[in-house]
Structure formats: C-alpha cells, structure tokens
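FYI, side chains are in, hydrogens and waters are out, and symmetry mates aren't considered; it's all heavy atoms of this structure.
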Amino acid sequence: MALKKLGVKRIISASAVGSLKTEYKPLDIVIPDQIFDRTRMRDSTFFEEGIVVHIGFADPFCPEMSSLLSGITGELGYSVHDRGTYVCMEGPQFSTRAESKVYKKPGI
C-alpha cells in the first residue's frame with residue numbers, strides 16, 4: 001500500500017532460484033507467467049475486519065512488463081525464456097524427490 005500511495009505502478013523483483021528444466025542453464029533468465037504457491041504459513045489475504053474481496057489471479061504477471069523485460073534482457077545477450085511457472089514454497093527445506101517429480105510434469 002505504501003508503494004501504491006507513492007504512485008508506483010509496477011514492481012520488478014529478481015530472485016536467484018534453481019530450475020527443474022535441464023534445458024535451462026545457469027545464468028539463463030526466465031520471465032514467469034504463472035505461480036504455483038505451496039506456502040502455508042503466511043497470511044493469504046490483506047483484507048480483514050469483515051471485508052470480503054475477491055481478486056482475479058489467473059494471470060498474476062503484467063504481460064506488458066514481461067514483454068519489456070524479455071526484450072531488454074535478450075538485447076543484452078542473455079538467454080531468455082518467456083513463460084515459466086515459479087514454484088514458491090516454504091523454506092528452508094528444498095522439495096522432496098517426489099515433489100520435484102510433480103513439479104517437473106508438463107504445464108508446471
């Protein structure tokens with residue numbers, strides 16, 4: 001809310017993560033278009049005190065910003081992968097082998 005009050009329209013966030021796709025090499029850049037949220041311990045809403053708000057989350061990333069980032073990083077010579085699913089999980093542990101097999105399935 002603080003950023004919104006300051007007039008911020010978009011936020012770019014970078015994260016160092018691993019990949020389960022062997023075709024993605026270290027230092028490749030993935031511009032995700034989906035999130036698979038496996039977190040359970042954090043609040044899942046900012047709305048409280050009797051307020052009910054439903055917000056669409058089918059497409060959680062801004063397509064204009066994703067396209068811009070993809071174009072710039074490609075022009076800079078990075079290997080860029082448009083579209084990807086960011087699997088967000090509770091830390092500090094990594095996933096089990098069984099979980100990783102599920103995450104490797106097509107479409108995830």
Side-chain angles (χ1 to χ4, degrees):
M1 186 55 126
L3 292 173
K4 184 174 181 142
K5 286 184 176 183
L6 290 173
V8 173
K9 303 270 189 224
R10 293 181 170 99
I11 298 170
I12 299 172
S13 174
S15 181
V17 298
S19 175
L20 295 172
K21 294 186 176 276
T22 56
E23 63 268 24
Y24 292 1
K25 306 294 182 228
L27 302 180
D28 282 7
I29 294 175
V30 178
I31 309 293
D33 63 334
Q34 288 295 311
I35 298 172
F36 188 173
D37 188 356
R38 302 288 298 147
T39 60
R40 300 291 174 257
M41 301 299 291
R42 63 181 173 185
D43 290 339
S44 60
T45 184
F46 296 108
F47 301 100
E48 298 173 354
E49 301 177 16
I51 298 173
V52 177
V53 178
H54 298 280
I55 299 172
F57 205 52
D59 298 301
F61 294 97
C62 172
E64 292 86 10
M65 182 60 74
S66 294
S67 178
L68 181 67
L69 289 170
S70 178
I72 291 170
T73 52
E75 288 173 12
L76 291 172
Y78 292 97
S79 179
V80 181
H81 305 275
D82 294 316
R83 304 179 53 108
T85 299
Y86 178 82
V87 179
C88 182
M89 61 186 73
E90 307 273 15
Q93 82 281 354
F94 291 108
S95 54
T96 66
R97 290 184 204 278
E99 290 168 332
S100 292
K101 286 179 182 178
V102 169
Y103 303 145
K104 284 181 79 169
K105 290 188 183 288
I108 294 182

### Task
Is it possible for you to say whether Ile72 and Val30 belong to one hydrophobic cluster, with membership spreading through side-chain heavy-atom contacts below 4.5 Å?
no

### Query
Of the non-hydrogen atoms in Ile35 and Thr85, which two are nearest, and what is the gap between them?
C-CG2, 4.3 Å

#### Entry: Close side-chain approach of Lys25 and Ser79, heavy atoms under 4.5 Å
no

### Query
Out of curiosity, does Ile12 fall in the hydrophobic cluster containing Leu68 (side-chain heavy atoms, cut-off under 4.5 Å, transitive links)?
yes

### Nearest non-hydrogen partners of Arg83 and Asp33, listed with the distance
CZ-OD2, 3.4 Å

### Query
Does Val87 offer a backbone N or O that forms a donor-acceptor pair with the side chain of Gln34 under 3.5 Å?
no

### Query
Which atom names give the shortest non-hydrogen contact between Cys62 and Arg10, and what distance separates them?
SG-NE, 3.2 Å

### Message
Quick check on the hydrophobic clustering: are Leu76 and Ile29 connected, directly or via other members, by side-chain heavy-atom contacts under 4.5 Å?
### Response
yes

#### Entry: More than 12 heavy atoms of other groups within 6.0 Å of Arg97 CZ
no

### Query
Which residue pairs pass the ring pair (Phe, Tyr, Trp, His ring centres under 6.0 Å) test with at least one member in residues 58-87, sequence neighbours excluded?
Tyr24-His81

### Task
Starting at NZ of Lys9, measure out to CG of Leu3 and round the result to the nearest 0.5 Å.
12.5 Å

### Message
Once side-chain hydrogen bond (donor to acceptor under 3.5 Å, both in side chains) is applied, what residue pairs with a partner in residues 53-67 remain, sequence neighbours excluded?
### Response
none

## Note on the structure
Sorted by chain and residue number, the side chain to side chain contact (heavy atoms under 4.5 Å, CB included) partners of Met1 (sequence neighbours excluded) come out as Lys4, Lys5

### Within 6.0 Å of CG in Leu6, more than 12 heavy atoms from elsewhere
yes

